[in-house]
Amino acid sequence: MTGSSQKRARLAAALRPAAFGADPAGERMERIRRSPNFANGVFVNPVSARTAPSGSMLKFLPTYFRKEERVRRAPTGPVPVHPTTIADLATPPASGLRLTWMGHSTVLAEIDGRRVLFDPVWGDRCSPFSFAGPKRVHPVPVPLRELGPVDVVVISHDHYDHLDMPTIRALVRSAAHFVVPLGVGAHLEHWGVPAKRMTELDWRESTEAAGLRFTATPARHFCGRALRNTQHTLWASWVVAGPEHRVYHSGDTGYFPGFAEIGEEHGPFDATMIQIGAYSDFWPDIHMTPEEGMRAHVDLQGGEPDRGIMLPIHWGTFNLAPHPWEEPAEGTLTAATAVGARVAVPRPGEPFEPVAGLPLDPWWRAIAARPAPGALTAAAVSPQGPGRGAAASDGGPGDQTGGPGAAVPLPQA
């Protein structure tokens, strides 16, 4: 390497924040190229999907910055976080299955004596920067150091609201094994996770860890953390099966027919954790509405809506979309009632065992903003009419209120 190229390399490294992670290289990249889901230099979706905004941004921007809309994108008061204690989580679940939604897509799943942590994000912002980006609207229910032992950490994809560098670095000090989609291991190694403590899987591949079986299943989304998103890391949903119980975590995904195939091969499930927030008519292929999320749940359960329970995720914690803050929860309840499904919408940090009864108190209504008389809703101004609020994907910079200086949260394309 010449002196000038060494300087360029050092400059590039200096300008690339550690939170950007690392690009796959070497044998990891060779494995990616051999994947049946990698074509023309990128990972591809099971069903074609637009990851860049569709429609006119001139229609989207007024929706995003309109004062009436901005007010509705955040709760009007403190979110009632459940006062979870160390003792609550130290006592094993009597049924063998307990779920604790920590907010957004982070879930602690206790399955047949093992503890699995999905998409752990304990950071204040889902952003590569500490001073900008979507900020939490409620505190973390349980400090990470008080969570207790974690056997396996599962990551769905590398967007900032699912893969948080400070959280990963803290979890390196635990004994947890990391199970991630193909290519995501490059980020983890960059942040100090030893290669022997991680397993990278392509879709339809499985591994055993801590006495549980983990299977990466397809999802309809995309990846990327840095300014140049090469689509060289895979996104996935996950099936986790123990001796007595099995669960499904959707990660981020648009609706596609593959849910029925996943259910037929791996279901039925005692619980599904389904993304139901940050949907948009401007990018409808990469996130699901509550109605689509319920349809996915029913597909996963073999067409029987009352099999198992559905836990809605990817809402309530980070303001990543212009739709009203509470709309994903309300939409999920409406969709569940329409099909006769069992749904749990706990407060952040509230542990529950599905067989012992479901938390169904609509706690969000007391702090949901109401539209001013005559105010337009996001659905009314969306390009395809009602049914979806004009929303954004994960990871875009901005604050939780969309106030002055906030950037429009566009997908990381």
Enquirer: Measure up the Trp235 and Phe43 rings against each other and bin them: parallel (under 30°), tilted (30 to 60°), perpendicular (over 60°).
Expert: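 Correct class here is perpendicular.
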Enquirer: Could you check His104, His157, His249 and say which one makes a ring-ring contact (aromatic ring centres under 6.0 Å, His included) with Phe118?
Expert: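 Testing Phe118 for a ring-ring contact (aromatic ring centres under 6.0 Å, His included) against His104, His157, His249 leaves exactly one candidate, His249.
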Enquirer: Give the intermediate values and the outcome of side-chain hydrogen bond (donor to acceptor under 3.5 Å, both in side chains) for residues Asp23 and His232.
Expert: CA-CA 8 Å; Asp23 296 326; His232 286 174; over 6 Å; no
Enquirer: Around atom CZ of Arg115, are there more than 12 heavy atoms from other residues, nucleotides or ligands closer than 6.0 Å?
Expert: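 Result for CZ/Arg115: enclosed.
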Enquirer: Taking Gly183's backbone N and O only, do any of them form a donor-acceptor pair with Glu200's side chain (distance below 3.5 Å, no angle check)?
Expert: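 Yes: the side chain of Glu200 pairs with the backbone of Gly183.
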Enquirer: Sort and list the pairs that fulfil salt bridge (Lys or Arg N to Asp or Glu O under 4.0 Å) and have at least one residue in residues 85-106, not counting sequence neighbours.
Expert: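 Applying salt bridge (Lys or Arg N to Asp or Glu O under 4.0 Å) to every pair that reaches into residues 85-106, excluding sequence neighbours, yields Arg98-Glu110.
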Enquirer: Run the side chain to side chain contact (heavy atoms under 4.5 Å, CB included) test against Glu261 and tell me which residues pass, sequence neighbours left out.
Expert: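 Per chain and number, Glu261 pairs via side chain to side chain contact (heavy atoms under 4.5 Å, CB included) with no residue.
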Enquirer: May I ask you to decide if Glu244's main-chain N or O and Asp112's side chain share a donor-acceptor pair within less than 3.5 Å?
Expert: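 Pair found, side chain donor or acceptor close to backbone of Glu244.
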Enquirer: Using salt bridge (charged side-chain N to carboxylate O under 4.0 Å, His left out), reason through Asp202 and Arg31 one step at a time and then give a plain yes or no.
Expert: CA-CA 10 Å; Asp202 203 345; Arg31 186 182 171 198; over 6 Å; no
Enquirer: Taking Val343 as the fixed residue, which of Leu333, Leu311, Leu358 is the one that meets the side-chain contact (heavy atoms from CB on, under 4.5 Å) rule?
Expert: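 Answer after filtering Leu333, Leu311, Leu358: Leu333.
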Enquirer: Once side chain to side chain donor-acceptor pair (under 3.5 Å) is applied, what residue pairs with a partner in residues 172-185 remain, sequence neighbours excluded?
Expert: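 Applying side chain to side chain donor-acceptor pair (under 3.5 Å) to every pair that reaches into residues 172-185, excluding sequence neighbours, yields His177-Thr199.
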Enquirer: Does atom CD of Glu264 have more than 12 heavy-atom neighbours, drawn from other residues, nucleotides or ligands, at distances under 6.0 Å?
Expert: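 No, the 6.0 Å shell around CD holds no more than 12 heavy atoms from other groups.
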